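Chain naming here is simple, since letters A, B, ... match the order of the sequence lines and numbering starts at 1 in each. Note that the structure is predicted; figures quoted are calculated from it, not measured.
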Amino acid sequence: MPKQVLIINVTRMGDLIQTGPLLSRLRAEWPDVAIDLVVDRSFAPTASLLTGLRQVISCDFARLLDDCRTQSKSLVALMQEMTAWAAPLSAAQYDRIVNLTFTRQTGLLASYIGAPDLRGITAGPDGGPIVQNPWLSYFTDLHRHRRFNRFNLVDLYAMGGSGPGSFSPLSVTVPDDGRDWADSFLRSQAQSVRHWIAVQVGASDVMKAWRPEYFGRTMAHLSRYLGVGFVLIGTAAEMESIELAKAAYRAGGGVAPILDASGRTTLHQLVGLLSRCRLLLTNDTGPMHLAVGVGTSVIDLSVGHVDHNETGPYGPGHWVVQPDLACSPCGFDQICAHHACKDRLIPEEVANLCLHALGLAPCPSLGPGLRLYQSSVDADGLGSFILRAGGVDADSAWYAGFWRRFWYEDFTGKQSLLAENFESAPDREPALAWMRAAAQPLRRLEQQARHIVELIGRHPLPVSILQRAQAQLRQEREELLPRMMACSATGPATVAMIRDIHNDDVTGLTLLADRHVKAYRRWNQRVARVQELLSAAPAPIKRGQRSLPMVSNAA
Amino acid sequence: MTALKQAGAKDVRYLPMAADPSVHRPLELTKVEREEYGSEVSFVGAGYANRRAIFPQLLNHEWTFKLWGNEWEGATELSSVLQRNGARIDTDTCQKVFNASAVNLNLHSWAGIGLDPDGDFVNPRTFELAACGAFQLADRRSLMPDLLAANEIATVSSSGELPGAIARWLREPEQRLAMAANARRRVLAEHTYVHRMRDLLSQVGVASPDRIGAVLRGARQSDALALAADDSFPSIASTLRTFPSTKRVELKQLAAQIRSRGPMGTLSREDLMVLMLDEYRSETKDLV
C-alpha cells in the first residue's frame, strides 16, 4: 500500500515554497508516496504552485482564532466544526505527519490527527508541546546559537521530514496564464529592455527591509547600463515604500524604463513576472523564494533580524549581502532605534553586484563593513553560502563549520563528505581545559539520573528520598549550565540536552526517569566527542578574522 | 467605496441600511387618519435640490399629491402640496403617511438637478417603506438590485419617467399591493437591523453574535453543553458533567479541567481538540 504523508505548514508564503525539496526527498524515500499539505486558506494558491502534492487542505485559521478568542460559538459547536474539518485527515491514516509550523496549536492538531510517525511539534502525553525528530528539535532551538548555524531552513525541513539525500532545488510551477500576462505586460511597456530586474522594496516586517531610497539609488545607478529595465513588485500595502524608491530613482537620475506592478498582480502574474526577469533585488521575503523557485537569480539584502544562513536563497546562483556589524543579525523580537545595519549596504556597490550577477561586470570589491556570499551546494548536498568578500570572526567561523559537520553526523549517523578542517579551534586550549573540568560533573549527573531510576523501582516508593535526589540533580545541573552554555565547544550540545530533558514524550515515573538518563548520557557522549575532535586537531597557528572554513569545502 | 479605498482604507465593505419591523409595520388607519395622511402620491423627506427641481412636474395631474417634511423653505411652487407648512414630522406620522399613500415616492437626495446618475447606496426609507408593506416608486441605484428585486420595488432611471410611472402604478392597484407584499417579505427575511448587526459582527470576526443570548438562555451551562456533546463527544460530555450543572463553561474552563488531570492522566483525541482550540483562544498574536 502506498505510503501517505501529511505536512502541516500554515504560516508563510516563503515557508511553503521552502517545503518543495522535502516533497522531492519524500518521493526519493517512497517513490509512490501520497503527500497532502495543510495550509491556511490565504496560502492555498501558493501551495498550488508546488509540485508533487496529492491534495492541499486549507483551513481559515484566522477565523478559527477569532472564533476561539471571542467565544462566539459554544465549545461544542467549535468542536463540531473542527472535528468535521479534520475528519478526512484522521480517516486517511497517514503513515507520517510532519508539522513544520512551530506552534502548540498545530502540535495538538498533529497529535489529534495521529500517525505512527509524528515529526515536529506534537502534543506530549499531558498535552504540552514536545518536538519529535532531532533536525526539527534543532530548528526549534536554533536561535540559542544562531551564529553557529549553517543549516538552511529548506534542508532542516527536508532532513527533518524525511532524511538526508541528494540536493533538490526549490521548484515553483509557472502557470501559463501568469507567464502570458507577464509577457504581455513587459512587451507592452518597453521593447528596448534586455535585462528586466525585478525589485522587491517592501517586506512583511520593516526590520528586514532595506531603506526604500537605497533601492531607488541602486536602480538609478544600474539604469546607466544599456538594456536594463526595472519591474517593481510588492503588495498594495508596500506602495508607500515603492513610491519612496521611485522618487529616489528619479532624484538619482534614473533613466531606464521602470514598470510598477505593485499591488496589481495576482500570484500567478507575480510568478510569471519573476520567471521573465533576469534578476530579483530583494529583501528576504516570500517573493525571493518564488524567484529562486522559478530559476531567477536573487540578490538578497540580509538586514535586520534576517540571517541568510537560515532563510537565504537556496541552492546555487544567488548572492547575499550582509552587514558586518556586532548586533547583526539582531534578535527576532528586536526593536531597533538606528537600523544602522541598513546603512552599511552602499547602493552603488549593490548595483555593481547586480551587474555582476547579470554577467555585465566583474565581481565587485565591497567596502568594509560588509560580507558578500555566493550561494552554493556543499558536498553533503545541502544549501550553503561561500564567503566572497569580508570576514567573519574566528570563533564564529570555526565553530559554525564544526557544528555543521557535527550535527550532520550526529543526526544522520553518516559521515559528512565535507572536507576536513585541519585548523584547530581558536579557543582550543581553554575549551579543552573546560571540557576536562566538566567531565566529572557531567558523569555525576548521569549517575544521579540512574540513581533516581533505581529509587523509582523500589516498593514502596521512597518519596522524600526521591524528591531530595531530584532536587539535588536539578541544582547541580543548573550550576553547570551557565558555563556549558557560554563555551562555544559545549553550548550547542547543552541546548540539545535542555530540549531532551523537557521533551517528555512518555508517561509514568519509570519511563520518564529512563528518558532523563538517556538525555544526560547523550549530553555526556556529545561533549566527549567534541573533546575528542578538538584534541585531534593541531594547535592554532594564527588568530584573527578569516574566511569561513567551509569555503574550501564547497562543491 | 472607491473613494474610501483611494483614501487609504484597507478593507471597505458595504453594510446597507435596514428597517426595524417593530417600528415600521403595516397599520390599520381610521377614516379620519386616512383623510389626514392619505393621498394618491406622497413624498416624505427634506427639500434637497433635485427634489425641488423634480416635484413641480408632478403638480396639476389627475392624482392627489402630498409633500411631507422640512427644509422646503423657498420652494414656493410646492406650497400647495407641502403639509404642515414644512414642519418636521415624527416617526409615527411618517408611518401613517407611508401606510395611507397609494404611491410613495422615494427619490434619493442629490445636490444636482434630476436623479443622481451615479447613485449607489440605498437609503433607509427604502427599507422602512417596504417594512410597512407600502408601495414605493424609487430612483434606480447601482446597489439596489442586490437588495430588492424588480418584483419588490418599482424604479425609474430619469425624472422624466416619473409622471408616466405614477400614472401606470395608480392604474394597477393589485400589482402595487403584490409588489409591496413582496418587498415586506424580503425586508423581514434579509434587511432588518438584526440582520445588519449579524453581518457587521461577522465581518469583524464575531461570526455568531448571539453569544450573550446563548449565555442568558443557559446554553453555555455545563448541563446543556454536556447534553449537546453526548452523541458526538462522549468523553467531553463526561468531563463537562464534572462541573456544577448550572456553571457556565467555556473553552478556558474545560481545558483547565482537562489539564488538571496532571501528567499521569491520559488524553483522549477529543481532549486534544479542546486543548488545541484553547491554545487558539489564548493566542496573543495573529497567525499570518
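Both the backbone and the side chain of B:Leu225 come within contact range of chain A, judged by heavy atoms closer than 4.5 Å. Residue contact with chain A, scored on non-hydrogen atoms closer than 4.5 Å, involves the side chain of B:Ile236 exclusively. Contacts of A:Ser204 with chain B are absent, with no heavy-atom separation under 4.5 Å from either backbone or side chain.
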Step by step, work out the side chain to side chain donor-acceptor pair (under 3.5 Å) result for B:Glu270 and B:Ser235.
CA-CA 7 Å; B:Glu270 294 164 12; B:Ser235 80; 2.6 Å; yes
Candidate pair B:Ser142 and B:Asp120, rule side chain to side chain donor-acceptor pair (under 3.5 Å), full reasoning
CA-CA 5 Å; B:Ser142 62; B:Asp120 49 13; 5.2 Å; no
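Each of A:Thr101, A:Leu64, A:Thr106 has some count of heavy-atom pairs under 4.5 Å with chain B, and the biggest count is that of A:Leu64.
You'll find the ring centres of B:His108 and B:Tyr48 outside the 6.0 Å limit.
Put simply, the side chain of B:Trp110 does not reach to within 4.5 Å of the side chain of B:Asp118, judged on heavy atoms.
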